[in-house]
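Excluded from the calculations below are hydrogen atoms, water molecules and symmetry mates; all remaining heavy atoms, backbone and side chain alike, are included. Chain letters run A, B, ... following the sequence lines, proteins first and then strands; every chain starts at 1.
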There are 2 protein chains.
Amino acid sequence: MMMAGLRERKKDQTRRRISQVALRLFDERGYDQVTVNEIAEAAGVAKVTVFSYFPTKECLVTDGVQDDMAAIVTGRPEGCSPIGALRAHYRATAAPVTTDMDVETLITRIRVISSSPALLAAVYGAQMSRRHELAAALAGGREPDLTAHLMAAQITAAITTLQEAFFQRLAVGAPLEEAAGRLAGDVELAFDLLEHGLTHTEEEQHEKGHQL
Amino acid sequence: MMMAGLRERKKDQTRRRISQVALRLFDERGYDQVTVNEIAEAAGVAKVTVFSYFPTKECLVTDGVQDDMAAIVTGRPEGCSPIGALRAHYRATAAPVTTDMDVETLITRIRVISSSPALLAAVYGAQMSRRHELAAALAGGREPDLTAHLMAAQITAAITTLQEAFFQRLAVGAPLEEAAGRLAGDVELAFDLLEHGLTHTEEEQHEKGHQL
DNA sequence: TTCGAAAATGAACCCGGTATGGTTACGCTG
DNA sequence: CAGCGTAACCATACCGGGTTCATTTTCGAA
C-alpha cells in the first residue's frame, strides 16, 4: 500500500481541480449564482462526478474547515483542565496560523463563506451538531450532564465568535499578520470570559491584561 | 380594522389546516419522508398555496418557536443588568410554561424538530442570526465590540441548551409539570455558569444552591 | 493480454421552491 | 341588488440540488 498508482493520482487531481474551479467561480460570482452544472462543465466532468467527490454543494467550500475540539479535550496532557487545553490550543494556532493548505486559498474560502448566508447557516448548523461530541469529551466517559452540555455550548459559541471576528477582518482586507495578532488577544479575552464569567466588568477584564 | 370578515376567517382556517395536517404527517412518518405535495393534497390545497402561507417547508414546523432575547434586554427595567433581565425572564417562563398555543401541539412540534437533523440544523442556523441582534442590544446603541459578541454567543448557546434539555425530557415522555420543574433549576444553573464562569467546580455550584 | 473492478458518464428522475397566467369568490360602492 | 376591484387560489411549467441506474471507459493485476 501507499504506492500512489496512476489511478489514485488522477483521482486526487480531479478532486482538486473540481474544488479549485468551484472556489474560483464562487469567488467571482457568488455562491448562489453558480450552479453545480457550471462547475462540472468548467472542470470538465459530469455533474454526477462532482457529487461523487463532494456529497453536497456546500462541501465544495466547507470541506476541511471544521474543528476538532472534542479531540483536543480527549487528547489533552495529564493534569490539564479541558478549558486549559482548549485555550492553549487556540493560543498556539493563533500565532503562526498553522495551516496545512495554501493560505491564499483558505482566505478565499473564508471570503466566500462569509458572504453567503446559506453557507454561514450551514457551517453553524454543522458546528452545533458537534457540540454533543464536545460535551461527551468534557464528561470524560460518563454520560454528559447538563453542566457538561452547557459548557460545551458556551465554548463552541465562543470559538465560533472568535473565528467570525477573525474571518471578518480578513474578509475586510486586513493583512493576515495583523488579523492573527488581534486573534491572539481575542483568544485570551474569550477564555477569560468563559472561565470567570460574564459579570466581570470590562475594566476588570482589561486590568487583568491579556498576559500571554 | 379587527373586523374578522369571512375572507380573513377562511384564510386563518386554511393556514391552520395546512400546518396541522403537516405536523400530523411529519409526526407519523418523519419530516424527510413527507413531501410538500402530499401535505398540499392532504390539506386540499395546491402546492403553491402551501408556499404562499409558509415560505419554506421548515417554517411549517418552526414558525413561532423562536425567542426574542434582544427585546428582553432592550426592554429591561431601569437598573437591571442584561443578564439579570434574561435570568428573570426565563425564571418566570419556566414555572407556568406560559404558551399561547395548544400544549399538545407544541410538544408534537418539539418531537418532530428533535428527531430531524435537517430541522435541528435549520433552527441552529436561524438562532445564529439572532445572536447579532442580542449583541447589539447588549452593546446598548454603540457598535457591539468583541466582548458583546462573545456574551451574546454564550448566552444564546446556554438558552439553546436549556431548551434542548427541556425538549428532550418532554420528547422522552416526561410529564409537562416535571419537565418544567427541572427546567427551573436548570435555568439557575445555566445563569450561574454564565455569570461566574466555567471554572467554578460542580461542588461550588451545588453548595451555592439555586436560591430562588 | 486478458479480465475484474473502479471511475466516469448521460439520462431520467425526485423534491423544494419560484414564476406565470388565469379562475373563483369575497367585499365594497353605487 | 348589480357590478367591479382585488385577494386568494389554482395548474402548469420551470429551475437547481441531489440520487439512481445502466452503460462505457480505464486502470491494474494475474
Side-chain angles (χ1 to χ4, degrees), chain A residues 1-19 21-23 25-26 29-63 112 116-123 125-126, chain B residues 1-19 21-23 25-26 29-63 112 116-123 125-126:
Chain A
M1 55 183 65
M2 198 51 223
M3 53 185 301
L6 172 56
R7 216 162 191 154
E8 314 257 336
R9 251 178 299 140
K10 265 194 145 179
K11 239 182 112 172
D12 273 27
Q13 184 183 329
T14 301
R15 177 176 229 277
R16 230 186 304 276
R17 193 172 69 247
I18 293 173
S19 120
V21 165
L23 195 61
L25 291 179
F26 290 154
R29 311 184 353 225
Y31 179 77
D32 298 307
Q33 319 314 320
V34 180
T35 81
V36 176
N37 263 321
E38 289 173 322
I39 296 167
E41 193 174 348
V45 297
K47 184 175 80 160
V48 72
T49 301
V50 172
F51 283 115
S52 90
Y53 280 100
F54 301 90
T56 68
K57 185 185 179 189
E58 291 159 5
C59 290
L60 283 165
V61 189
T62 62
D63 241 35
V112 170
S116 159
L119 277 178
L120 277 175
V123 169
Chain B
M1 55 183 63
M2 199 52 222
M3 52 186 302
L6 172 57
R7 215 163 191 155
E8 312 257 336
R9 251 179 299 139
K10 267 191 145 178
K11 234 181 113 172
D12 273 28
Q13 185 183 327
T14 302
R15 179 176 227 277
R16 228 186 306 277
R17 193 173 67 246
I18 292 173
S19 118
V21 165
L23 194 61
L25 291 178
F26 289 155
R29 307 180 1 222
Y31 179 77
D32 298 308
Q33 319 314 319
V34 180
T35 81
V36 177
N37 262 320
E38 289 173 320
I39 296 168
E41 194 174 346
V45 297
K47 183 175 80 161
V48 70
T49 301
V50 173
F51 283 116
S52 90
Y53 281 101
F54 302 90
T56 69
K57 185 184 179 189
E58 291 159 4
C59 289
L60 283 165
V61 190
T62 62
D63 240 35
V112 169
S116 159
L119 277 177
L120 278 176
V123 169

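- Close to C:dT9, at under 4.0 Å from its OP1 or OP2, lies a side-chain N or O of A:Thr49.
- Out of C:dG10, D:dA8, D:dC10, the shortest distance to the side chain of B:Lys11 is found at D:dA8.
- Remark: A:Lys57 is not in phosphate contact with D:dG16, judged by side-chain N or O atoms under 4.0 Å from OP1 or OP2.
- Looking at the side chain of A:Tyr53, the nearest of the listed nucleotides C:dT20, D:dG18, C:dA7 is C:dA7.
- Closest non-hydrogen pair, B:Ser116 versus B:Asp32, comes out as OG-OD2, 4.3 Å.
- The A:Lys10 side chain lies nearest to D:dC27 when the options are D:dG16, C:dC26, D:dC27.
- When all heavy atoms of A:Phe54 and A:Arg15 are compared, the pair lying nearest together is CE2-NH1, 3.6 Å.
- You'll find the side chain of A:Ile39 reaches within 4.5 Å of the side chain of A:Phe26, heavy atoms only.
- Closest approach to the A:Thr35 side chain among D:dA8, D:dG16, C:dA7 is made by D:dG16 (side chain taken as heavy atoms from C-beta onward).
- Of the candidate nucleotides D:dG18, C:dT9, D:dA8, D:dG18 has the atom nearest to the side chain of A:Phe51.
- B:Thr56 comes within contact range of the sugar-phosphate backbone alone, with a heavy-atom separation under 4.0 Å but no base atom that close.
- If B:Asp32 and A:Gly44 are placed on DNA chain C by their nearest nucleotide, the residue sitting closer to the 5' end is A:Gly44.
- Regarding B:Gln33, its CD atom lies at a distance of 12 Å from the C1' atom of C:dC15, rounded to whole Å.
- Between B:Thr14 and D:dA8 there is no side-chain polar atom (N or O) within less than 4.0 angstrom of OP1 or OP2.
- Side-chain proximity of A:Val48 to the nucleotides C:dT9, D:dA8, D:dG17 is greatest for C:dT9.
- Between A:Lys47 and C:dG10 there is no side-chain polar atom (N or O) within less than 4.0 angstrom of OP1 or OP2.
- Among all heavy-atom pairs drawn from B:Leu23 and B:Val61, the shortest one is CD1-CG1, 4.5 Å.
- Distance CG (B:Asn37) to P (D:dA11): 11 Å, rounded to an integer number of Å.
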